[in-house]
Amino acid sequence: RLSFEAGGVVFIVNSDGTDLRQVTWSGTSFRPSWLPDGNRIAFDWLSPQGPIVSSIYVVSADGSNPHPLCPSDSAGRRECDWLPHGGSFLHLRYDPRPSIFLSDTATCSGFRLTQANASDLDPTYSPSGAQVAFTRLSVPPPQIWVMNADGSGQRQVTTQGGEHPSWSPDGGTIVYTRSDFTQFCPEQGVLWTVNVATRQEKQLLQPWPSQCAVLAGGSGWDDTIDQAIREVPSHLRVQRPGYLRFAALPGFLGGATIVA
């Protein structure tokens, strides 16, 4: 099953697209993350009554029993990711910049893993739980970094900008979104990979054609979509969307669904 957020609401759906269900119903919910048991989802939640400080909530996969992960939490935890075998979770705290913390699931006690003069975001465990990938923004552009699970051995693994890291099943590669808002280039917003050991970066998907900026919504829109689909690597299958209600930005494969 997949979990995702749309319009401040968390949904789940089977991997084949069937049985779409809404699981949050109040406030603003975002950044869903499955717990290791596969039966519950944690997410960032903003109360409709305020204050504007998010906290981490947990809800059953059927939408029942929403409750705070840490009942007495006033620390503004955000963006949790769970140790694959349970027992602890990563999250952010803003002090004032976002830093990565590690907390125990039973007591919610924890400690800080990153203390750089930077904004650290998107923490995610490797499949073994031995390493953590994250986005660090100090001097633009943001870059992908890796550290050991205890916060030691922090090292930068990308050089051309990146955010939103995700590990390969074997833990040897990280896929991420190319991101460098200091310049405009066609590689922006497309998926890249980096070998964690060698730090070799490789573009995974082809960029959206540059002419999309002027064709979006115009007479050449359908031709542009078809051209973008043809440029996707042959080992990926692309399902052409039935409709498009937004203008794609250069560098994004807007509207097309890529299926591995």
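Computed from heavy atoms alone, side chains included, the values below leave out hydrogens, waters and symmetry copies.
The shortest non-hydrogen separation linking Thr105 to Phe89 is CG2-CD2, 3.7 Å. The nearest pair of heavy atoms linking Asn195 to Thr198 is OD1-N, 2.9 Å. Minimum heavy-atom separation, Ser126 to Trp167: N-NE1, 3.4 Å. Nearest heavy-atom pair across Ser29 and Phe43 is OG-CE1, 3.5 Å. Taking every heavy atom of both residues into account, Gln131 and Val146 meet most closely at OE1-CG1, 3.3 Å. Taking all atoms of both residues into account, the shortest heavy-atom contact from Gly171 to Pro127 is CA-CD, 4.0 Å.
Crowding of Gln22 atom CD: a count of heavy atoms from other residues, nucleotides or ligands under 6.0 Å exceeding 12.
Side-chain heavy atoms closer than 4.5 Å link hydrophobic residues (I, L, V, M, F, W, Y) into clusters, and following such links, possibly through other members, connects Phe111 to Val132.
Note: Ser179 OG to Trp192 CH2 = 12.5 Å, rounded to the nearest 0.5 Å. Between the CH2 atom of Trp45 and the CD1 atom of Ile56 there is a distance of 13.5 Å, given to the nearest 0.5 Å. Put simply, CG on Leu92 and CD1 on Ile100 are 6.5 Å apart, with the number rounded to the nearest 0.5 Å. Taking OG from Ser99 and CZ from Arg97, the interatomic distance works out to 9.5 Å, rounded to the nearest 0.5 Å. Between the OG1 atom of Thr114 and the CG atom of Leu102 there is a distance of 11.5 Å, given to the nearest 0.5 Å. Rounded to the nearest 0.5 angstrom, Leu46 CG and Ser55 OG are separated by 8.0 Å.
In this structure, the side chains of Ile41 and Leu35 stay at 4.5 Å or more apart for every pair of heavy atoms.
Side chain of Gln203 to main chain of Val190: no donor-acceptor pair is present (N/O by atom type, distance under 3.5 Å, no hydrogens or angles). The backbone N or O of Asp150 sits nowhere less than 3.5 Å from a side-chain atom of Asn148 that would complete a donor-acceptor pair. A side-chain donor-acceptor contact under 3.5 Å links Arg77 to the backbone of Cys108. Looking at Asp16, its side chain does come within 3.5 Å of a backbone N or O of Thr18 through a donor-acceptor pair.
Legend: residues meeting side chain to side chain donor-acceptor pair (under 3.5 Å) with Thr28, ordered by chain and number and at least two apart, are absent. Residues forming a salt bridge (Lys or Arg N to Asp or Glu O under 4.0 Å) with Arg199 (at least two apart in sequence, or on another chain): none. Considering only residues two or more places apart in sequence or on other chains, Thr124 meets the side chain to side chain donor-acceptor pair (under 3.5 Å) condition with none of them. Qualifying side chain to side chain donor-acceptor pair (under 3.5 Å) partners for Asp170, counting only residues two or more places apart in sequence or in other chains: Ser168. In this structure, Arg1 has no salt bridge (Lys or Arg N to Asp or Glu O under 4.0 Å) partners at least two apart in sequence or on a different chain. For Glu201, the side chain to side chain donor-acceptor pair (under 3.5 Å) test picks out Thr159, Tyr176, with sequence neighbours left out.
Taking a 4.5 Å side-chain heavy-atom cut-off between Ile, Leu, Val, Met, Phe, Trp and Tyr, the cluster of Val9 extends to Leu2, Phe4, Phe11, Val13, Leu20.
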Under 3.5 Å donor-acceptor pairs involving side-chain atoms of residues 58-69, not counting sequence neighbours:
| residue | atom | partner | partner atom | Å |
| --- | --- | --- | --- | --- |
| Ser60 | OG | Ser64 | O | 3.4 |
| Asp62 | OD1 | Ser64 | N | 3.0 |
| Asp62 | OD1 | Ser64 | OG | 2.6 |
| His67 | ND1 | Asn65 | O | 2.8 |

Using atom types as modelled, flag every donor-acceptor pair under 3.5 Å from a side chain in residues 79-88 to any protein atom, sequence neighbours excluded.
| residue | atom | partner | partner atom | Å |
| --- | --- | --- | --- | --- |
| Glu79 | OE1 | Arg31 | NH2 | 3.2 |
| Glu79 | OE1 | Asp122 | N | 3.1 |
| Asp81 | OD2 | Tyr125 | N | 2.8 |

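Within the structure, side chain to side chain donor-acceptor pair (under 3.5 Å) pairs that include any residue of residues 138-147 comprise Gln143-Thr158 (at least two apart or interchain). Among pairs with a residue in residues 134-143, those fulfilling salt bridge (charged side-chain N to carboxylate O under 4.0 Å, His left out) read Asp120-Arg136, at least two apart in sequence or across chains. Legend: salt bridge (charged side-chain N to carboxylate O under 4.0 Å, His left out) pairs involving residues 151-165, not counting sequence neighbours: none detected.
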